[in-house]
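To start, the structure itself, in structure tokens.
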Amino acid sequence: MKYKKSLHYGLESAANIIFKGDNIDVLNNIMDDYKGRVDCIYIDPPYNNDEEYIHYNDSDGFDLWMEKLTNILPLLFDLLSEKGSLWISIDDGELHYLKVAADKIIGRKNFIHTIVWEHRTSRENRKAFSNNHEYILVYAKNPNEFKKKRNLLEVDENFLKKFKNPDNDPRGTWQSVTASVQAGHAVASQFYTIIAPNGKKHNPPLGRCWAYNEQRMLEEIKNNNIWFGKDGNGVPRIKKFLSDSKRGLTPETIWFAEEVGTTNQAKKQLKALFKDQEVFDTPKPEALIKRILEISTNEGDLVLDAYLGSGTTAVVAQKINRRYLGIEVGQHVLDIVLPRLNKTIDNLFSEENSVDDDNLGFELWL
Ligand SMILES: C[S@@+](CC[C@H](N)C(=O)[O-])C[C@H]1O[C@@H](n2cnc3c(N)ncnc32)[C@H](O)[C@@H]1O
């Protein structure tokens with residue numbers, strides 16, 4: 001191993017490591033130790049947008065940019081555990097080229113989804129279109145395993161607001177969803193007239209049929225599971241009770257700024273930490289990374305970020321008790337990541353919290 005431990009912060013027991021070095025070189029050095037052991041890899045590589053940022057350049061040009069990613073993806077995929085997933089941030093400029101290249105290297109069958117993230121909420125009036133979103137490509141080592149293991153999202157305030165109880169149902173609050181489905185794959189028993197308790201007749205809308213057959217629908221009406229509106233004349237809808245949804249929410253593929261933050265919010269957070277320093281240009285919000293790690297991992301699982309930047313992935317992993325490896329080639333690993341992680345660990349030590357003490361710390365390898 002070419003890299004050596006140069007310092008540690010926090011507890012010796014913590015096995016978290018930040019490497020300062022070129023990611024491909026570091027990965028080749030750690031491959032024997034970590035192959036098949038990483039549960040979530042998040043990468044936020046340069047986007048090939050020809051920018052010169054304060055802390056790094058994104059001006060390799062397409063061929064070199066693509067070559068570097070093509071070289072790193074197989075290494076990352078080898079590191080993934082059986083339930084592991086790989087999440088790649090990218091914007092509109094290179095999404096499609098990267099998707100095709102990644103499909104070839106990783107395998108189309110391993111592709112899970114493209115997530116759209118609303119990365120800004122202000123309007124950019126100087127351009128033809130105000131580009132308000134980025135993408136995250138999600139791949140899994142084994143899509144079936146990933147589906148079994150991925151966590152649901154916590155039920156949040158906005159979701160709870162959708163549930164009401166206009167008929168004082170003793171089973172609690174509910175929301176109504178459509179009782180009709182597209183007729184494309186329907187069977188004959190789904191086409192019939194529903195007679196509401198007040199006698200009003202309802203036929204399915206054109207091109208649609210009822211979600212249940214007539215016998216089941218009668219049963220559901222009898223059990224007060226179908227809603228005909230306050231006055232009883234409304235189109236029939238199915239009541240879905242909060243008590244049946246509380247387990248958690250299946251993650252959706254559009255992630256709004258309101259839930260996971262914006263690039264500007266991430267910058268402001270960093271600015272508050274490093275008042276006298278020039279702020280890192282392209283940090284991701286902690287809430288965005290938290291969502292990724294919470295979906296893909298559990299406490300104690302191992303996370304890797306091979307383009308660590310200002311250290312967001314390591315900070316979030318530390319806060320929610322995941323083990324982590326971070327790789328960053330720039331000097332800012334010493335000027336930003338280290339002090340940011342130190343502060344995070346100090347805060348966690350001083351708070352009475354549920355973070356597993358053994359994990360509170362990291363090593364720097366150079
Ligand atoms: C878009 S930034 C990542 C930002 C990060 N997600 C955050 O929240 O701060 C990309 C980072 O990748 C780093 N980088 C680029 N090429 C690299 C390489 N070959 N090895 C390691 N790091 C690299 C850059 O120095 C930069 O800090």
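All values below come from the heavy atoms of this structure, side chains included, with hydrogens, waters and symmetry mates left out. One-based numbering, in listed order, for ligands and for the atoms of each.
Listed by chain and number, Gly21, Asp22, Asn23, Asp44, Pro46, Tyr56, Phe280, Thr282, Pro283, Lys284, Ala306, Tyr307, Leu308, Gly309, Ser310, Thr312, Glu328, Val329, His332 each place a non-hydrogen atom less than 4.0 angstrom from ligand 1.
Between Asn225 and Phe241, the closest side-chain pair of non-hydrogen atoms falls below 4.5 Å.
A donor-acceptor contact shorter than 3.5 Å links the side chain of Asp58 to the backbone of Tyr47.
For the salt bridge (charged side-chain N to carboxylate O under 4.0 Å, His left out) test with Asp301, the passing option among Arg322, Lys83, Arg323, Arg37 is Lys83; the others fail.
Aromatic ring centres of Phe280 and His332: separated by under 6.0 Å.
In the displayed structure, Lys35 atom NZ is contacted under 6.0 Å by at most 12 heavy atoms of other residues, nucleotides or ligands. At most 12 heavy atoms of other shown residues, nucleotides or ligands fall within 6.0 angstrom of atom CZ in Arg108.
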